[in-house]
K.L.:
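Below is a structure I'd like to ask you about.
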Number of protein chains: 2
Amino acid sequence: MLELAILGFLYDAPLHGYVLRRHIAALTGHVRPVAESTLYPAIKRLEKAGLLVRATEPGAVAAPRHVLSLTEEGRTELKRRLAEPAQREITDENHWFALLAFLRHLADPSAQAAVLRRRLAFLEEPASFFYEGDRPLRAEELDDPFRRGVLTIARATSRAELAWLRDTLASLDGVDR
Amino acid sequence: MLELAILGFLYDAPLHGYVLRRHIAALTGHVRPVAESTLYPAIKRLEKAGLLVRATEPGAVAAPRHVLSLTEEGRTELKRRLAEPAQREITDENHWFALLAFLRHLADPSAQAAVLRRRLAFLEEPASFFYEGDRPLRAEELDDPFRRGVLTIARATSRAELAWLRDTLASLDGVDR
DNA sequence: ACGTTATACCTCGACACCGATGTATGTTGG
DNA sequence: CCAACATACATCGGTGTCGAGGTATAACGT
């Protein structure tokens with residue numbers, strides 16, 4: 001997820017680590033803050049893998065900056081990760097939102113639609129958080145107000161997302177023809 | 001999050017690891033599966049910390065079972081974790097849902113309400129995923145349909161959750177008087 | 001007789017992540 | 001004049017998580 005965000009932001013323009021960090025904080029920081037000690041090793045990993053290169057520049061304000069830019073492999077890898085996300089990226093809302101934030105970089109509308117359809121399939125299979133044996137329980141069947149809240153909120157999210165997915169898929173399919 | 005779920009399920013009744021695993025899979029597995037190699041060490045950690053004890057029973061079907069039950073410290077610790085969640089548990093929906101699933105174990109309505117109010121405060125502060133400088137962008141201002149989706153879905157979730165929070169807080173406060 | 005599946009638990013190595021801490025520079029406020 | 005803060009990057013130890021693999025028993029189908 002972090003690596004995806006790094007690749008995603010650098011796809012638009014070269015950035016140095018400090019600015020990158022602020023971008024990532026804006027994207028996911030209110031939900032799941034990213035520590036510096038996570039970001040810098042992640043940058044090194046991607047650099048070592050040949051997905052990005054760094055150019056040292058004298059710091060505009062303070063210490064020298066390492067301006068990061070994607071290599072051709074980095075651009076390819078981002079598109080690969082967007083086009084073929086692991087199941088976790090589809091099911092976990094945090095990961096999914098990060099993926100959506102950069103899905104436009106996957107230029108092909110039918111490839112974008114294929115990814116959305118995977119999420120659609122996930123949302124359409126009947127699942128709950130609470131079960132009676134194998135039967136998923138509905139909000140109305142729960143006494144616990146907190147568990148009822150979980151289902152109420154999840155249902156509202158699911159409805160909004162299904163509507164958006166169907167809308168967006170329709171307009172993406174329209175582009176093809 | 002995993003430890004909370006273990007403590008939460010065991011609070012109701014002693015369980016052995018295999019059943020516990022199925023409970024956890026039902027609760028969060030469709031979003032974020034938990035590997036066995038994560039669960040068993042977690043159980044050991046909690047055992048070592050004196051929060052649970054195990055009793056070996058001949059297996060009903062196959063190999064012998066380790067039936068786990070909470071100690072008094074375990075019960076206290078669960079309540080502590082429910083009453084004083086880290087900020088991450090409040091902001092990350094996955095963690096928050098797991099907490100809500102067991103919040104009923106925190107018997108005191110005003111303690112429950114205090115936790116809900118922390119979530120309320122988080123949801124009420126203006127935050128977005130996308131910014132222009134410091135200004136949070138609204139869905140309508142985005143060209144990117146995928147980023148617009150993120151905001152649309154987040155807004156629907158937020159609305160549903162705010163409504164539920166206010167309802168539930170009202171009825172919890174009613175209990176007090 | 002044998003392979004498969006389900007039950008039931010466990011270890012190990014690899015690795016991502018975090019908090020604490022460190023280094024260095026330039027700007028701002030008292 | 002100096003502390004505080006923002007910029008800018010980095011390391012380190014501890015720990016949680018995962019995938020792969022292992023052990024053992026019992027039921028079921030063929």
Side-chain angles (χ1 to χ4, degrees), chain A residues 1-7 14-25 28-29 31-49 51-68 81 86-89 91-92 94-95 98 133-134, chain B residues 1-7 14-25 28-29 31-49 51-68 81 86-89 91-92 94-95 98 133-134:
Chain A
M1 205 182 98
L2 173 59
E3 294 184 1
L4 190 77
I6 295 172
L7 297 174
L15 295 170
H16 62 276
Y18 202 77
V19 169
L20 188 55
R21 192 178 177 236
R22 285 218 307 279
H23 278 68
I24 292 170
T28 59
V31 169
R32 184 183 269 271
V34 171
E36 278 185 57
S37 50
T38 306
L39 176 62
Y40 287 112
I43 291 172
K44 285 208 168 170
R45 276 202 304 280
L46 297 176
E47 191 190 7
K48 206 173 165 187
L51 306 183
L52 57 83
V53 288
R54 69 174 76 199
T56 306
E57 258 186 22
V61 185
R65 298 163 165 180
H66 294 180
V67 177
L68 312 167
R81 291 191 194 203
Q87 194 56 18
R88 177 73 126 261
E89 320 284 315
T91 62
D92 187 326
N94 295 144
H95 288 65
D134 280 343
Chain B
M1 204 181 99
L2 174 60
E3 292 184 4
L4 189 78
I6 296 172
L7 297 175
L15 295 171
H16 62 276
Y18 202 78
V19 168
L20 188 56
R21 194 179 176 233
R22 285 216 309 277
H23 277 67
I24 291 171
T28 60
V31 169
R32 188 182 265 271
V34 170
E36 277 184 54
S37 51
T38 306
L39 175 63
Y40 286 112
I43 291 172
K44 285 209 166 166
R45 275 201 304 280
L46 297 176
E47 191 188 9
K48 206 172 166 187
L51 306 183
L52 57 84
V53 289
R54 69 174 76 199
T56 305
E57 257 185 22
V61 185
R65 297 163 164 181
H66 294 181
V67 177
L68 312 168
R81 292 190 193 203
Q87 193 57 19
R88 176 72 126 261
E89 320 284 315
T91 62
D92 188 326
N94 295 144
H95 289 65
D134 280 342

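In what follows, chains are A, B, ... by sequence order, proteins preceding strands, each numbered from 1. None of the values given here were measured: they were computed from a predicted structure.
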K.L.:
A/R21 CZ to D/dA8 P: how many Å, rounded?
P.N.:
13 Å
K.L.:
D/dT17 phosphate, OP1 or OP2: any side-chain N/O from B/R32 under 4.0 angstrom?
P.N.:
no
K.L.:
Please tell me if the side chains of A/I43 and A/L20 come closer than 4.5 Å, counting only heavy atoms from C-beta onward.
P.N.:
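Touching, per the 4.5 Å side-chain cut-off.
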K.L.:
Between A/E36 and B/S37, which residue's closest nucleotide on DNA chain C lies nearer the 5′ terminus?
P.N.:
B/S37
K.L.:
Is the distance from OP1 or OP2 of D/dT7 to the nearest side-chain N or O of A/H16 less than 4.0 Å?
P.N.:
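No, outside the criterion.
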K.L.:
Counting only side-chain N and O atoms of A/R65, is one of them less than 4.0 Å from OP1 or OP2 of D/dA10?
P.N.:
no
K.L.:
Under 4.0 Å: is that the gap between some side-chain N or O of B/K44 and OP1 or OP2 of C/dT11?
P.N.:
yes
K.L.:
With rounding to the nearest 0.5 angstrom, report the CG to CD distance, A/D92 to A/E89.
P.N.:
8.5 Å
K.L.:
Give the rounded distance in Å between these two atoms: CD of B/E57 and C1' of D/dT25.
P.N.:
16 Å
K.L.:
NZ/A/K44 to NE2/A/H66 distance, rounded to the nearest 0.5 angstrom?
P.N.:
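Result: 9.0 Å between the selected atoms.
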K.L.:
Using a 3.5 Å limit for the pairing distances, which stems of at least 3 consecutive Watson-Crick or G-U wobble pairs does DNA chain C take part in?
P.N.:
C:1-30 with D:1-30
K.L.:
At less than 4.0 Å, is any side-chain N or O atom of B/R88 found next to OP1 or OP2 of C/dC18? Yes or no.
P.N.:
yes
K.L.:
In whole Å, I'd like the distance from the NE2 atom of B/H23 to the P atom of C/dT7.
P.N.:
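The distance from NE2 of B/H23 to P of C/dT7 comes to 14 Å, rounded to the nearest Å.
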K.L.:
Atom CG of B/L46 and atom P of D/dT17: how far apart are they, to the nearest Å?
P.N.:
11 Å
K.L.:
Considering heavy-atom distances to DNA chain C, does A/E3 or B/P41 have its closest nucleotide positioned more toward the 5' end?
P.N.:
B/P41
K.L.:
Would you mind reading off the distance between B/L39 atom CG and C/dC12 atom C1', rounded to a whole angstrom?
P.N.:
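Interatomic distance, CG of B/L39 to C1' of C/dC12: 17 Å.
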K.L.:
It should be established whether B/R54 places a side-chain nitrogen or oxygen under 4.0 Å from OP1 or OP2 of nucleotide C/dC10.
P.N.:
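Checking B/R54 against C/dC10: at least one side-chain N or O falls below 4.0 Å of OP1 or OP2.
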K.L.:
Check the distance between D/dA10's P and A/H66's NE2 and give it to me in whole angstrom.
P.N.:
5 Å
K.L.:
Counting just side-chain N and O atoms, does B/Y40 come under 4.0 Å of either OP1 or OP2 of C/dC9?
P.N.:
yes
K.L.:
Is there side-chain contact between B/L51 and B/I6, with heavy atoms separated by less than 4.5 Å?
P.N.:
no
K.L.:
To the nearest 0.5 angstrom, please state how far the CG atom of B/L52 sits from the CG atom of B/L15.
P.N.:
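The CG atom of B/L15 is 11.0 Å from CG of B/L52, to the nearest 0.5 Å.
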K.L.:
So if I take every side-chain heavy atom of A/R45 and compare against C/dC17, D/dT7, D/dG16, which nucleotide ends up nearest?
P.N.:
C/dC17
K.L.:
Could I get the full list of salt bridge (Lys or Arg N to Asp or Glu O under 4.0 Å) partners for B/R54, not counting sequence neighbours?
P.N.:
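Here the qualifying residues are B/E47.
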K.L.:
List in chain and number order the residues that pass salt bridge (Lys or Arg N to Asp or Glu O under 4.0 Å) with A/R81, two or more places apart in sequence or in another chain; answer none if no residue qualifies.
P.N.:
A/E3, A/E77
K.L.:
Is any side-chain heavy atom of B/N94 closer than 4.5 Å to one of B/T28?
P.N.:
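B/T28 does not reach B/N94 side chain to side chain.
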K.L.:
Over how many whole Å does the gap from B/H95 atom NE2 to D/dG16 atom P extend?
P.N.:
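To the nearest whole Å, that distance equals 12 Å.
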K.L.:
Measure CD1/B/I43 against C1'/C/dT11 and give the value in whole Å, please.
P.N.:
15 Å
